[in-house]
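Right, one structure below, let's go through it.
A, B, ... follow the sequence lines: proteins, then strands. Residue 1 opens every chain. In this text the structure is predicted, and so the values were computed from the model without any measurement.
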There are 2 protein chains.
Amino acid sequence: MSQRGRPRTFDSDAALRRAMLVFWEKGYEATSMADLTAAMQIGAPSLYAAFGNKADLFAAALKTYKAEIGLEIWNALSKAVTARQAFADFLQQTALAYAQPDTPRGCMIALGVLNGDTDAVSTCELLRHCRLENATLLRARLEEGVRDGEIAPTADCQKIADFYATVQHGMSITARDGATLASLQSTADAAMAAWDALTAPR
Amino acid sequence: MSQRGRPRTFDSDAALRRAMLVFWEKGYEATSMADLTAAMQIGAPSLYAAFGNKADLFAAALKTYKAEIGLEIWNALSKAVTARQAFADFLQQTALAYAQPDTPRGCMIALGVLNGDTDAVSTCELLRHCRLENATLLRARLEEGVRDGEIAPTADCQKIADFYATVQHGMSITARDGATLASLQSTADAAMAAWDALTAPR
DNA sequence: TGATTTATGTATCGAATGATACAGAAAGGA
DNA sequence: TCCTTTCTGTATCATTCGATACATAAATCA
């Protein structure tokens with residue numbers, strides 16, 4: 001049980017968090033191993049021994065991202081009592097997270113890598129899976145609202161979920177372009193203006 | 001006036017269009033000069049002589065993109081009589097363009113490059129400028145609607161423009177993830193469900 | 001025809017890429 | 001103390017990156 005050999009001289013979690021920030025800011029492909037070793041302040045062999053190759057490190061960094069940053073956004077979806085409030089909070093938390101002054105703007109999942117035909121195909125698929133998974137979470141909350149009688153049974157939950165997922169994706173780009181927190185909140189507010197029409201019986 | 005020297009053996013416009021497709025599909029950074037020379041079917045020296053460096057070629061390809069693909073989307077904004085119809089058409093044309101089976105999915109401007117701190121900073125700024133410019137076009141159409149009495153003078157045109165620009169940005173990512181034309185049209189439809197609330201007097 | 005100009009094809013440049021070989025250092029186990 | 005195990009630092013691997021040098025080919029001009 002006791003660990004043999006020379007112990008690590010760096011904090012693995014702290015190094016991973018730094019790697020996450022670099023990937024988040026520059027995207028997967030634009031981030032070089034030199035960028036990572038510099039930010040993590042470890043040598044290349046230590047990096048490969050601890051985290052595997054570049055794709056493995058990205059996957060680990062993504063897991064940290066989902067556990068630390070994404071959690072607040074998606075918790076909002078389940079905390080609120082009504083579906084409407086859940087989506088409003090979800091979008092507001094998104095605006096807040098995407099405009100944080102001490103982290104890269106926008107979402108690591110949305111901006112990590114978007115082109116699927118390079119050698120980063122597996123990483124691209126990983127992010128695509130995350131994005132589709134998020135849309136599924138939105139749809140599940142909507143269906144819960146239907147069961148609660150809050151949303152009309154005739155409402156197209158898939159359509160509504162896709163719409164709000166698309167808005168969130170767009171907010172990443174808008175945030176990366178320098179939009180203010182107020183502007184992002186305003187966009188979140190505008191998206192909620194469609195709620196009544198989308199969830200009413202037709 | 002008459003051109004001296006050995007004439008070109010390739011069609012410059014056709015080569016540029018092929019370069020545009022590669023950039024559009026893979027993004028700026030993920031596209032290598034080898035990819036471009038292969039697609040354009042010309043040697044590297046011919047490429048550099050005709051189009052300058054990689055950033056110059058991308059700028060030229062972007063210009064072609066805006067003139068050929070983007071035109072249909074943005075023409076919809078000015079053709080329609082009412083602002084509401086203009087935005088509805090704008091979104092529907094976006095859905096159509098982003099789901100074309102014979103071209104890369106999504107928008108070259110939205111997906112070209114999103115990370116700003118690499119050596120591609122000038123290209124990133126170029127695309128950012130295009131995106132902000134597009135939002136300005138949306139706002140101008142809204143203000144026209146205000147002057148026509150269609151939209152309440154109390155409406156926040158900047159907010160509404162940012163919202164629809166964000167939706168369009170998001171549609172690029174959703175389209176790249178494989179959304180069907182029907183799904184994109186459905187999202188466009190959902191975005192228009194917010195129109196009345198956004199443009200009504202408050 | 002000879003001179004000039006421009007484009008093409010081959011071959012390659014230095015730098016950066018992701019990833020390792022290797023030797024030495026620092027711990028536990030016997 | 002000696003052996004095994006694991007990690008660290010240097011130095012470097014082969015490959016790919018964007019970009020060119022150079023010689024040759026093909027056109028116009030005089």
Side-chain angles (χ1 to χ4, degrees), chain A residues 1-16 18-19 22-23 25-62 112-113 115 117-124 126, chain B residues 1-16 18-19 22-23 25-62 112-113 115 117-124 126:
Chain A
M1 284 299 281
S2 61
Q3 49 182 350
R4 296 281 296 269
R6 180 175 176 175
R8 289 226 171 84
T9 58
F10 62 93
D11 182 348
S12 186
D13 289 337
L16 185 56
R18 288 177 179 176
V22 179
F23 277 130
E25 182 175 6
K26 312 184 71 170
Y28 177 74
E29 305 199 60
T31 299
S32 69
M33 298 306 291
D35 292 331
L36 292 166
T37 54
M40 301 165 83
Q41 293 179 323
I42 61 177
S46 298
L47 192 161
Y48 282 94
F51 301 103
N53 61 17
K54 187 183 176 183
D56 294 334
L57 177 58
F58 183 87
L62 179 63
V113 63
N115 347 7
D117 52 334
T118 68
D119 54 353
V121 59
S122 64
T123 300
C124 182
L126 176 66
Chain B
M1 282 299 281
S2 60
Q3 50 181 352
R4 297 280 297 271
R6 179 175 176 175
R8 287 226 172 85
T9 58
F10 63 93
D11 182 348
S12 186
D13 288 337
L16 184 56
R18 288 177 179 176
V22 179
F23 277 130
E25 182 175 6
K26 311 185 72 171
Y28 177 74
E29 305 198 59
T31 300
S32 69
M33 298 306 291
D35 292 330
L36 292 166
T37 53
M40 301 166 82
Q41 292 179 324
I42 61 177
S46 298
L47 192 162
Y48 282 93
F51 301 103
N53 62 16
K54 187 183 176 185
D56 294 334
L57 176 58
F58 183 86
L62 179 63
V113 63
N115 348 7
D117 54 332
T118 67
D119 54 351
V121 58
S122 64
T123 300
C124 180
L126 176 66

Does the Lys NZ or Arg CZ of A/K54 fall within the cation-pi geometry relative to A/F23 - under 6.0 Å from the ring centre and within 45° of the axis? no
Among C/dT20, D/dG18, C/dG24, find the nucleotide with the atom closest to the side chain of A/R6. C/dG24
Side chain of A/R4 - closest among C/dG29, C/dT20, C/dT17: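 Shortest atom-to-atom distance from the side chain points to C/dG29.
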Could you state the atom-to-atom distance from [atom1] of [X] to [atom2] of [N] in whole Å?
X	N	atom1	atom2	answer
B/Q41	C/dT8	CD	P	13 Å
B/E29	D/dT16	CD	P	19 Å
B/Q3	C/dA7	CD	P	8 Å
B/F10	C/dG9	CZ	C1'	13 Å
A/D11	D/dT8	CG	P	12 Å
B/K54	D/dT16	NZ	P	16 Å
A/D35	C/dT17	CG	C1'	11 Å
A/N53	D/dT15	CG	P	19 Å

Given A/M40, which of A/V22, A/L47, A/D11, A/D35 fulfils the side chain to side chain contact (heavy atoms under 4.5 Å, CB included) condition? A/L47
When all nucleic acid strands are considered with a 4.0 Å heavy-atom cut-off, which category describes B/T37: base, sugar-phosphate, or nothing? nothing
Any base atoms under 4.0 Å from B/T31, or only sugar-phosphate, or nothing? Heavy atoms, all strands.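 Sugar-phosphate, no base atom in range.
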Can you tell me if [X] touches the phosphate of [N], counting only side-chain N or O atoms and a distance under 4.0 Å to OP1 or OP2?
X	N	value
B/S46	C/dT8	yes
A/R8	D/dC7	yes
A/S32	C/dT17	yes

Test side-chain contact (heavy atoms from CB on, under 4.5 Å) on A/L57 and A/L16; report intermediate values, then the result. CA-CA 8 Å; A/L57 177 58; A/L16 185 56; 3.8 Å; yes
What is the distance from atom CZ of A/F58 to atom CG of A/N53, rounded to the nearest 0.5 Å?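 Answer for the CZ-CG pair, A/F58 versus A/N53, is 12.5 Å.
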Of B/G5 and B/G52, the one whose closest DNA chain D nucleotide lies more 5':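 Closer to the 5' end of DNA chain D: B/G52.
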Closest nucleotide of DNA chain D for A/P7 versus for A/P45: which of these residues is on the 5' side? A/P7
Looking only at heavy atoms, the pair that brings B/T123 and B/A55 closest together is OG1-CB, 3.9 Å
Closest-nucleotide 5' rank along DNA chain C - winner of B/L47 and B/A44: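 First, find each residue's nearest nucleotide; the 5'-ward one identifies B/L47.
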